[in-house]
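Only a predicted model underlies this, so the values are computations on that prediction, with no experimental measurement involved. Sequence lines set the chain letters: A, B, ... in the order given, protein chains first and strands last, and positions in each chain run from 1.
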Amino acid sequence: MSQVITRFAPSPTGYLHIGGARTALFSWLFARHHGGQFKLRIEDTDRARSTEDAIAKIFEGLKWLGLDWDGEAVMQFARAARHAEVAHELLAQGKAYRCYCSQEELAEMREKAKAEGRPMGYDGRWRNRDPNDAPAGVAPVIRLMAPKDGETVVADLVQGEVKVANSQLDDMVLLRGDGTPTYMLSVVVDDHDMNISHVIRGDDHLTNTFRQMQIYNSMGWAAPDFGHIPLIHGPDGAKLSKRHGALGVEAYRDMGFLPEAMRNYLLRLGWSHGDDEIISTEQAVAWFNLENVGRSPSRFDMNKLSSLNGHYLREAGDARLVDEIAPKIEDKLGRPLLPLETERLTKGMAGLKERAKSVLDLAGAAAFYAERPSFDAKAQKILIPLTLGEGALIIDGFLSRAYDLPAFERSAIEALARSYSEEAGCKLGDLAQPLRAALTGSTTSPPIFEVMEILGALECQNRFSSALQFIQTTA
RNA sequence: GACCCCAUCGUCUAGAGGCCUAGGACACCAGCCUUUCACGUUGGUAACACGGGUUCGAAUCCCGUUGGGGUCGCCA
């Protein structure tokens, strides 16, 4: 195989959605696997719907996903003149012709064809018509003179050999009345000029490929190899669209997913390598191929993404995760984090990340290291009985003994807690749970003796007394 | 409507004629671990859409049915 060049060619009419992200990932992996290039082309020829903002979002989304492209992104609209040039070349060679049909005529044709059970399309009435018949004042479109007989074949790398009878295909428009190129023409010309060797894109383009093939053939160009990957459906099995549950990648970022988890998840959605589930990006580059891309559509499953995310969260470095959650906690606090608090977060991160499924979870669960907690319902339920009986005294006794420890450190505190609870005739949990509630404001947290060490003896004492105070004033 | 594609547990998938009384992962259920929650671990429920062929033998090949999806624009 000569130089592999793939491309991702989104139209900037919205954010980079999840289906596009996977297409980009597959194209990127394929190029990297073969030591080739991965190019980006923005298909902005629809001037009305393309926006700068969408272009920025796409760049941002790809960067966040870690999919770097080679060279500058190609802006398709800038190449309109070249596209038109090709259309005129075809015209000059007699492989295309001018058509003066009105929209009404076209609509009529479609109706008629549908009624007769034929494919809906243009009937070719200007194919061989004398140009002198051209109605005045109508700007013609240029249509490809497509073959009438035989069939057009696509040897798809994913779907296998797919063919259609040419009688099913009509003469497509290459150049609009205003002289601008259509999508079909633009893609073909750009893919050709950019030396794209492999076009990897969504299944929804499979039938378009026949038409594109006809343009390649007319120009005498060698077509690239195609690989049409199945679409992603929503949880209900319907096509995932922007209206129907397809979120932009930044939405997943905002929900607290890590890009590496996203990559792993998207990779497994439609591609497999035996029973392997956890696949690093390096591994993916080494393994990726088109042969193992499945042919059937798949559904997006948050649960699996979350589970993968939990895995990568546990693998992520503590400093990176602190950086991730710091702004979120600062938002909540309404002030910058103190060095002391950042230090606590860093020390506590190992215990924290073990329990999180998303960066959001993580930020929520970590907040108590930075701020004095408020007490959730379950925590209150544990704390309230304390003031009624001896509970508070017992814990207070433990705390002052812990305070006298030569080192206020996890294992020493735990050892003390074990002996102390035995002495006091209670279970370890009877000591640990109220402490957890008082210190963290919640019934779930990292190991409480670890939390105590990180918080420090003084802070523990303070938090415990303010918890008691809080209970006395509310209960 | 025409054409094209697809069809294994709820979901993602392994499976390229005998290794399949169908494997893994997520989710779910039960147990273990345990100061909570997670993690981890053990076990469990759960699928070859249906009907015909081909073959000594089919989840795997062929045909049909059904179901799902996609495309039919002077959008991309």
Show me the donor-acceptor pairs within less than 3.5 Å that the side chains of residues 51-59 of chain A make with the rest of the protein, sequence neighbours left out.
{"unit_1": "A:Thr51", "atom_1": "OG1", "unit_2": "A:Ala54", "atom_2": "N", "d": "3.0"}
{"unit_1": "A:Asp53", "atom_1": "OD2", "unit_2": "A:Lys57", "atom_2": "NZ", "d": "3.4"}

Where at least one partner belongs to residues 9-18 of chain A, residue pairs that pass salt bridge (Lys or Arg N to Asp or Glu O under 4.0 Å), sequence neighbours excluded: none
Earlier contact from the 5' end, RNA chain B, for A:Lys114 and A:Leu305: A:Lys114
Sugar-phosphate only, base, or nothing, as touched by A:Thr45 at under 4.0 Å among non-hydrogen atoms: sugar-phosphate
Given B:G70, B:A76, B:U13, the nucleotide with the shortest approach to the side chain of A:His205: B:A76
B:U71: pairing nucleotide in any strand, Watson-Crick or G-U under 3.5 angstrom: B:A2
Please tabulate, one pair per line, each protein N/O and nucleotide N/O from nucleotides 6-11 of chain B that are separated by under 3.5 Å, including the distance.
none

Sugar-phosphate only, base, or nothing, as touched by A:Gly177 at under 4.0 Å among non-hydrogen atoms: base
Which nucleotide in B:C5, B:A2, B:C74 has an atom nearest any side-chain atom of A:Asp203: B:C5
Aromatic ring pairing A:Phe449/A:Phe398, orientation class (parallel under 30°, perpendicular over 60°, tilted between): perpendicular
Parallel, tilted or perpendicular, as decided by the 30° and 60° cut-offs, for the rings of A:Tyr252 and A:Phe300: tilted
B:G17: pairing nucleotide in any strand, Watson-Crick or G-U under 3.5 angstrom: none
Separation of atom CG in A:Asn166 from atom C1' in B:C3, rounded to whole Å: 13 Å
Interatomic distance where CZ belongs to A:Arg143 and C1' belongs to B:C72 [whole Å]: 13 Å
N/O (side chain, A:Thr182) to phosphate O (OP1/OP2, B:C74) under 4.0 Å: no
Atom C1', compared across B:C50 and B:U8: separation rounded to whole Å: 15 Å
Closest nucleotide among B:C74, B:A76, B:C3 to the A:Gln76 side chain: B:A76
When you compare the protein's N or O atoms with those of nucleotides 16-23 of chain B, which come within less than 3.5 Å of each other, and at what distance?
{"unit_1": "B:G23", "atom_1": "N2", "unit_2": "A:Asp275", "atom_2": "OD1", "d": "2.8"}

Sugar-phosphate, base or nothing in reach of A:Gly270, heavy atoms under 4.0 Å: sugar-phosphate
Short side-chain to backbone donor-acceptor contact, A:Asp44 and A:Ser11, under 3.5 Å: no
Sugar-phosphate only, base, or nothing, as touched by A:Glu116 at under 4.0 Å among non-hydrogen atoms: nothing
Contacts of type side-chain contact (heavy atoms from CB on, under 4.5 Å), residue A:Ala9, not counting sequence neighbours: A:Arg7, A:Arg41, A:Glu43
Integer angstrom distance from the C1' of B:U65 to that of B:A7: 13 Å
For atom NE2 of A:His311 and atom C1' of B:G40, their distance in whole Å: 14 Å
Pair assignment for B:C48, Watson-Crick or G-U wobble, requiring both distances under 3.5 Å: none
Polar atom pairs (N or O), protein with nucleotides 28-31 of chain B, under 3.5 Å:
none

Inter- and intrachain pairs under salt bridge (Lys or Arg N to Asp or Glu O under 4.0 Å), touching residues 266-277 of chain A, at least two apart: A:Arg268-A:Glu277, A:Glu277-A:Lys304
Value in whole Å for how far the C1' atom of B:U13 lies from CD of A:Glu277: 7 Å
Sole candidate of A:Gln159, A:His228, A:Gln214 that passes side-chain hydrogen bond (donor to acceptor under 3.5 Å, both in side chains) when paired with A:Thr209: A:His228
Complement of B:C37, any strand, by Watson-Crick or G-U distances under 3.5 angstrom: none
Whether A:Asp318 side chain and A:Met349 backbone form a donor-acceptor pair below 3.5 Å: no
Spacing between A:Trp287 atom CH2 and B:U13 atom P, to the nearest angstrom: 17 Å
Test item: side-chain donor near acceptor, A:Arg201 and A:Thr23, under 3.5 Å: no
Under 4.0 angstrom between A:Arg110 side-chain N/O and B:G73 OP1 or OP2: yes
A:Met213 to A:Val153 - nearest heavy-atom pair and separation: CE-O, 3.5 Å
Sugar-phosphate, base or nothing in reach of A:Cys101, heavy atoms under 4.0 Å: base
Inter-residue atom distance A:Leu416.CG - A:Phe408.CZ, 0.5 Å rounding: 9.5 Å
Rounded distance (Å) that lies between atom P of B:C72 and atom CD of A:Gln214: 14 Å
B/S/- contact track for nucleotides 59-64 of chain B, protein heavy atom under 4.0 Å: ------
B/S/- contact track for nucleotides 34-39 of chain B, protein heavy atom under 4.0 Å: -BBBBS
Spacing between A:Met120 atom CE and B:U71 atom P, to the nearest angstrom: 12 Å
Spacing of A:Asn208 atom CG relative to B:G69 atom C1', expressed in whole Å: 15 Å
Qualifying residues under ring pair (Phe, Tyr, Trp, His ring centres under 6.0 Å), relative to A:Phe8, sequence neighbours excluded: none
Per A:Tyr183 side chain, nearest of listed nucleotides B:A25, B:A76, B:C3: B:A76
Pair assignment for B:A30, Watson-Crick or G-U wobble, requiring both distances under 3.5 Å: B:U42
Check: A:His83/A:Asp190 side-chain N/O donor and acceptor closer than 3.5 Å: yes
Salt bridge (Lys or Arg N to Asp or Glu O under 4.0 Å) contacts in which one or both residues fall within residues 134-159 of chain A, not counting sequence neighbours: A:Glu151-A:Lys163
Pairs where residues 407-422 of chain A contributes a residue and the test salt bridge (Lys or Arg N to Asp or Glu O under 4.0 Å) is met, not counting sequence neighbours: A:Arg410-A:Glu450, A:Glu414-A:Arg418
Side-chain donor or acceptor of A:Tyr420 paired with backbone N/O of A:Ile394 under 3.5 Å: yes
Same-atom distance (C1') from B:G17 to B:C26, integer angstrom: 31 Å
Parallel, tilted or perpendicular, as decided by the 30° and 60° cut-offs, for the rings of A:Tyr216 and A:Phe226: perpendicular
Touch class at under 4.0 angstrom, heavy-atom based, for A:Val173 against every strand present: sugar-phosphate
Nearest-Å distance once atom C1' is located in both B:C19 and B:A76: 48 Å
Pair A:Phe26-A:Phe288, ring pair (Phe, Tyr, Trp, His ring centres under 6.0 Å): steps then yes or no: CA-CA 8 Å; A:Phe26 282 20; A:Phe288 189 78; 5.1 Å; yes
G-U wobble or Watson-Crick pairing nucleotide for B:U11 (cut-off 3.5 Å, both distances): B:A25
Residue whose closest nucleotide on RNA chain B lies nearer the 5' end, A:His233 versus A:Val162: A:Val162
